[in-house]
**Q** 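Mind looking over this structure? Questions follow.
Keep in mind that the numbers below use all heavy atoms, side chains included, and drop hydrogens, waters and symmetry copies. The first residue in the sequence is number 1, and the count goes up from there.
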Amino acid sequence: MTYNEILDELRAKLGDSAEENNKILREEAVRYAEEGNLDGVKATGELMLENMTPEQKAEVERLTHVDGVRLDELNNKINKMLNEKKVLEAKPLAERLYKKIIVDFKETEKEKYVSLRNPFEDNLCQLYYKYDKTLTRTPFDFAAYITTYAYILTETGSPLDAIPVLEKAIDYNPVDCGPRFELAEVFKLLGNRKRLLEVTRETLKICSSPAAIARCYANVGYALVDAGEYEDAITFYTASVMFYPNPAIPQEIRHASELWGKPAVRPSHEKIVETMKKWDIEFGPNQDVISVSAQLAADCLSKNDIQNAVQAMKITYNLTLDEEIKNLILKYDPNAQRIIPKTNADIDAVTGRNSKAPENNN
């Protein structure tokens with residue numbers, strides 16, 4: 001349904017009692033949030049605002065606005081400045097937004113604010129993190145907003161100041177790779193290999209795409225080049241491009257090879273696994289992530305929630321390349337975004353199998 005259609009459907013459920021309407025809208029908001037339906041969440045929020053007293057509206061505006069500007073609009077303005085290379089001009093706005101978030105959405109003895117963005121993140125967070133407080137969803141993606149501020153701090157010469165800011169971002173969404181990747185960049189800049197490796201190991205536990213896994217492996221490769229472990233670095237770089245092509249990685253491999261003084265040789269699957277274990281890293285996606293996405297897909301299908309089922313199945317497929325999952329995606333959503341065909345080499349990279357490549361891939 002379109003946004004206006006959702007509004008019309010919700011209005012049809014409302015009556016004359018403000019109290020009863022508020023209860024209905026809260027229940028609908030929870031349902032839409034669990035489904036990951038952002039238009040539904042926005043629509044219920046708009047109607048809840050209409051249903052409020054002037055005093056309640058004023059409080060909501062106080063929480064969601066800075067100097068009369070809504071928080072998401074302020075974030076959009078900051079990102080526009082960054083796209084225009086106006087980093088210094090964006091800094092005071094980003095700082096204002098950051099302080100607004102950590103003051104007005106601060107954790108209390110009974111309540112914790114989280115910026116989980118979809119049902120998959122909800123389920124993965126529940127698996128890894130146990131909270132004894134009421135979790136309240138934030139109105140906007142605060143983890144992303146705070147990460148942007150940390151990026152600005154780093155770009156303007158304050159990487160050390162960015163570390164506690166990124167820890168705040170992770171606190172709002174501990175299963176979002178974004179803040180962790182930015183934290184890894186900070187430790188690269190500071191030359192702290194130990195913390196770079198620690199952050200990368202933690203990030204690998206929550207990676208839900210081949211691109212994220214590849215970035216982690218590339219970060220390890222960077223750390224190992226810095227440590228003079230050139231052969232192992234080449235192995236990690238090779239694993240990175242096996243999971244997700246990046247035109248910069250072959251250049252990094254050549255650089256490591258030149259420093260090593262030997263030609264880079266493509267390592268075998270066994271060599272990759274062995275080298276990763278040496279650095280306390282498991283090859284491939286975390287099985288917990290696959291399990292969560294697969295179970296979520298099954299649960300959503302049982303509730304006829306096709307949209308979230310397909311999204312969960314896409315995560316599962318991208319991490320496993322299971323053809324049965326791919327067929328299910330196309331069954332329930334024939335118009336789904338095209339799934340990029342995988343070559344046998346790509347499948348071998350993920351599964352560790354030694355399949356015979358076809359003579360002609362055209």
**Q** Is it true that Lys277 and Glu274 make a salt bridge, defined as a side-chain N closer than 4.0 Å to a carboxylate O?
**A**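 Salt bridge flag = no for Glu274 with Lys277.
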**Q** Run the side chain to side chain contact (heavy atoms under 4.5 Å, CB included) test on Asn327 and Lys331 for me, step by step, so that the C-alpha distance in whole Å, both residues' side-chain angles and the decisive distance to 0.1 Å come before the verdict.
**A** CA-CA 6 Å; Asn327 292 335; Lys331 172 185 175 182; over 6 Å; no
**Q** Supply the atom-to-atom distance Glu252 CD to Thr238 OG1, rounded to the nearest 0.5 angstrom.
**A**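 Glu252 atom CD to Thr238 atom OG1 measures 12.0 Å (nearest 0.5 Å).
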**Q** Quick one: pull up CG in Asn318 and OG1 in Thr316 and give me the separation to the nearest 0.5 Å.
**A**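 Going from the CG atom of Asn318 to the OG1 atom of Thr316 covers 9.0 Å.
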**Q** Please check if atom CD in Glu324 has more than 12 non-hydrogen atoms from other residues, nucleotides or ligands closer than 6.0 Å.
**A**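 No, the 6.0 Å shell around CD holds no more than 12 heavy atoms from other groups.
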**Q** Please determine whether the number of non-hydrogen atoms from other residues, nucleotides or ligands lying under 6.0 Å from atom NZ of Lys110 exceeds 12.
**A**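 Check fails, neighbour count at 12 or below.
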**Q** Quick one: pull up CG in Leu93 and CD1 in Ile78 and give me the separation to the nearest 0.5 Å.
**A**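 Rounded to the nearest 0.5 Å, the CG-CD1 separation comes out at 5.5 Å.
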**Q** Nearest 0.5 angstrom please: Leu196 CG to Tyr222 OH, how far?
**A**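 The distance works out to 8.5 Å.
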**Q** Treating Ile, Leu, Val, Met, Phe, Trp and Tyr as nodes and any side-chain heavy-atom pair under 4.5 angstrom as an edge, say whether Phe181 and Ile206 lie in one connected cluster.
**A**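 Phe181 does not cluster with Ile206.
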**Q** Are the side chain of Asp171 and the backbone of Glu167 linked by a donor-acceptor contact shorter than 3.5 Å?
**A**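 No; zero donor-acceptor contacts below 3.5 Å.
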**Q** Nearest 0.5 angstrom please: Ile146 CD1 to Glu182 CD, how far?
**A**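 Between Ile146 CD1 and Glu182 CD, I get 13.0 Å after rounding to 0.5 Å.
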**Q** If two hydrophobic side chains count as joined below 4.5 Å and joins carry through other members, does Leu189 share a cluster with Leu197?
**A**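 Unlinked, Leu189 and Leu197 end up in two clusters.
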**Q** Walk me through it: do Glu258 and Arg254 pass the test salt bridge (charged side-chain N to carboxylate O under 4.0 Å, His left out)?
**A** CA-CA 6 Å; Glu258 291 170 359; Arg254 286 193 293 272; over 6 Å; no
**Q** Taking atom OH of Tyr98 as the centre, does the number of heavy atoms from other residues, nucleotides or ligands within less than 6.0 Å exceed 12?
**A**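 Yes, the 6.0 Å shell around OH holds more than 12 heavy atoms from other groups.
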**Q** State whether the number of non-hydrogen atoms from other residues, nucleotides or ligands found under 6.0 Å of Glu5 atom CD is greater than 12.
**A**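 Counting other residues, nucleotides and ligands, CD of Glu5 exceeds 12 neighbours.
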**Q** If you group Ile, Leu, Val, Met, Phe, Trp and Tyr by side-chain heavy-atom gaps below 4.5 Å, do Tyr3 and Leu10 land in one group?
**A**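 Yes, because Tyr3 and Leu10 connect within a single hydrophobic cluster, where side-chain heavy atoms sit under 4.5 Å apart.
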**Q** Could you go through Leu74 and His65, starting from their C-alpha distance and side-chain angles, then the distance that decides it, and tell me whether this counts as side chain to side chain contact (heavy atoms under 4.5 Å, CB included)?
**A** CA-CA 9 Å; Leu74 180 57; His65 290 67; over 6 Å; no
**Q** If you measure only the distance, is there a donor-acceptor pair under 3.5 Å linking the side chains of Asn173 and Glu121?
**A**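 The criterion, which ignores hydrogens and geometry beyond distance, is satisfied for Glu121 and Asn173.
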**Q** Any side-chain heavy atom of Asn286 within less than 4.5 Å of one from Cys207?
**A**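 Asn286 does not reach Cys207 side chain to side chain.
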**Q** Is it true that, when you exclude Lys188 itself, more than 12 heavy atoms of the residues, nucleotides or ligands shown sit nearer than 6.0 Å to its NZ?
**A**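 Yes, NZ of Lys188 has more than 12 neighbouring heavy atoms, counting only those of other groups under 6.0 Å.
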**Q** Measure the shortest side-chain to side-chain distance between Met276 and Phe236 over non-hydrogen atoms and say whether it is less than 4.5 angstrom.
**A**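 Yes, side chains in contact.
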**Q** Are any of the side-chain nitrogens in Lys100 or Asp67 under 4.0 Å away from the carboxylate oxygens of its partner?
**A**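 So Lys100 does not pair with Asp67 through a salt bridge.
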**Q** Would you kindly check if the NZ (Lys) or CZ (Arg) of Lys205 is within the cone defined by 45 degrees around the ring axis of Tyr128 and under 6.0 Å from the six-membered ring centre?
**A**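 Here Lys205 fails the 6.0 Å and 45° test against Tyr128.
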**Q** Are any non-hydrogen side-chain atoms of Tyr149 and Leu97 less than 4.5 angstrom apart?
**A**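 No. Closest side-chain heavy atoms not under 4.5 Å.
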**Q** Report the distance from atom CG of Asn76 to atom CG of Leu71, rounding to the nearest 0.5 Å.
**A**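 Interatomic distance, Asn76 CG to Leu71 CG, rounded to 0.5 Å: 11.0 Å.
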**Q** For residues Phe243 and Tyr217, establish whether the separation of their ring centroids is below 6.0 Å.
**A**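 Yes, ring centres under 6.0 Å apart.
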**Q** Among Thr147, Leu153, Thr148, which residue meets the side-chain contact (heavy atoms from CB on, under 4.5 Å) test with Val165?
**A**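 Passing option: Leu153.
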**Q** Could you tell me if the side chain of Val87 sits less than 4.5 Å from the side chain of Lys91, heavy atoms only?
**A**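 Not in contact.
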**Q** Within the side chain of Arg11, is there an N or O that forms a donor-acceptor pair under 3.5 Å with the backbone of Leu47?
**A**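 Judged by distance alone, no pair lies under 3.5 Å.
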**Q** Any carboxylate oxygen within less than 4.0 angstrom of a Lys/Arg side-chain nitrogen, looking at Glu95 and Lys99?
**A**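 Salt bridge present between Glu95 and Lys99.
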**Q** Counting C-beta onward and ignoring hydrogens, is there a side-chain heavy-atom pair between Asp232 and Lys278 closer than 4.5 Å?
**A**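 A side-chain contact under 4.5 Å exists here.
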**Q** Could you see if Phe140 belongs to whatever hydrophobic cluster contains Ile152? Use Ile, Leu, Val, Met, Phe, Trp, Tyr and a side-chain cutoff under 4.5 Å.
**A**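 Result: yes, single cluster for both.
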**Q** How far apart are the C-alpha atoms of Phe142 and Phe105, what are their side-chain angles, what is the distance that settles it, and do they pass the ring-ring contact (aromatic ring centres under 6.0 Å, His included) test?
**A** CA-CA 10 Å; Phe142 288 164; Phe105 296 87; 4.9 Å; yes
**Q** Can Glu111 and Lys133 be counted as an ion pair, charged N to O under 4.0 angstrom?
**A**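 Salt bridge between Glu111 and Lys133, a charged N being under 4.0 Å from a carboxylate O: no.
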**Q** Under 6.0 Å from the OH atom of Tyr244, do we count more than 12 heavy atoms belonging to anything else shown?
**A**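 Atom OH in Tyr244 is not crowded, with 12 or fewer foreign heavy atoms closer than 6.0 Å.
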**Q** Side chains of Ile163 and Leu190: does their closest heavy-atom pair fall under 4.5 Å?
**A**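 The answer is yes, as the side chains (C-beta and beyond) meet within the 4.5 Å cut-off.
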**Q** Is Glu89 atom CD crowded by more than 12 heavy atoms from other residues, nucleotides or ligands, each under 6.0 Å away?
**A**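 It does: Glu89 CD has more than 12 such atoms within range.
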**Q** Could you state whether Ile253 and Val265 fall into the same hydrophobic cluster, counting links through intermediate Ile, Leu, Val, Met, Phe, Trp or Tyr residues with side-chain heavy atoms under 4.5 angstrom apart?
**A**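 Different hydrophobic clusters.
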**Q** Determine whether Tyr237 and Tyr230 satisfy the following criterion, ring-ring contact (aromatic ring centres under 6.0 Å, His included), listing intermediate values before the conclusion.
**A** CA-CA 10 Å; Tyr237 281 140; Tyr230 304 120; over 10 Å; no
**Q** Can a side-chain donor-acceptor contact be found between Ser291 and Gln295 if the only test is distance below 3.5 angstrom?
**A**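 There is such a pair (donor and acceptor under 3.5 Å, judged by atom type) between the side chains of Gln295 and Ser291.
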